[in-house]
Amino acid sequence: VHLDLDDPQCWARDELGPEKLAEALRLLAEVSPAARQQLLLACGCCVGADQTVSADEALLIRGICAALGAPIPPLLPGQPVNSGSLG
């Protein structure tokens with residue numbers, strides 16, 4: 001999945017925290033539904049890159065989906081992932 005971002009912003013690990021996440025989710029809630037769907041597909045691809053879902057990954061995806069009012073995909077910890085289950 002390719003996200004066509006005009007000006008992507010990346011933060012160093014030590015700059016991240018709950019405030020940055022809340023800020024990012026507030027901004028993402030304002031983008032079009034199609035853009036949110038594309039972002040969530042990209043998140044799913046990241047989670048599935050190693051062909052399995054960790055508990056932390058499942059919780060993070062569920063939290064992002066909930067914050068954006070998006071359907072929550074059926075990603076369960078320990079579940080094997082294939083590309084067909086991400087989109």
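Along the sequence shown, residues carry numbers from 1.
The hydrophobic cluster containing L21 also contains L68, counting ILVMFWY residues as joined when their side-chain heavy atoms lie under 4.5 angstrom apart, directly or transitively. Under a hydrophobic clustering in which Ile, Leu, Val, Met, Phe, Trp and Tyr are joined whenever their side-chain heavy atoms come within less than 4.5 Å, directly or via other members, L25 and L60 fall into the same cluster.
Rounded to the nearest 0.5 angstrom, C43 SG and E57 CD are separated by 11.0 Å. Note: I64 CD1 to L39 CG = 7.0 Å, rounded to the nearest 0.5 Å. Rounded to the nearest 0.5 angstrom, R36 CZ and L40 CG are separated by 8.5 Å.
Looking at every heavy atom in both residues, E15 comes nearest to K20 through O-CG, 3.5 Å.
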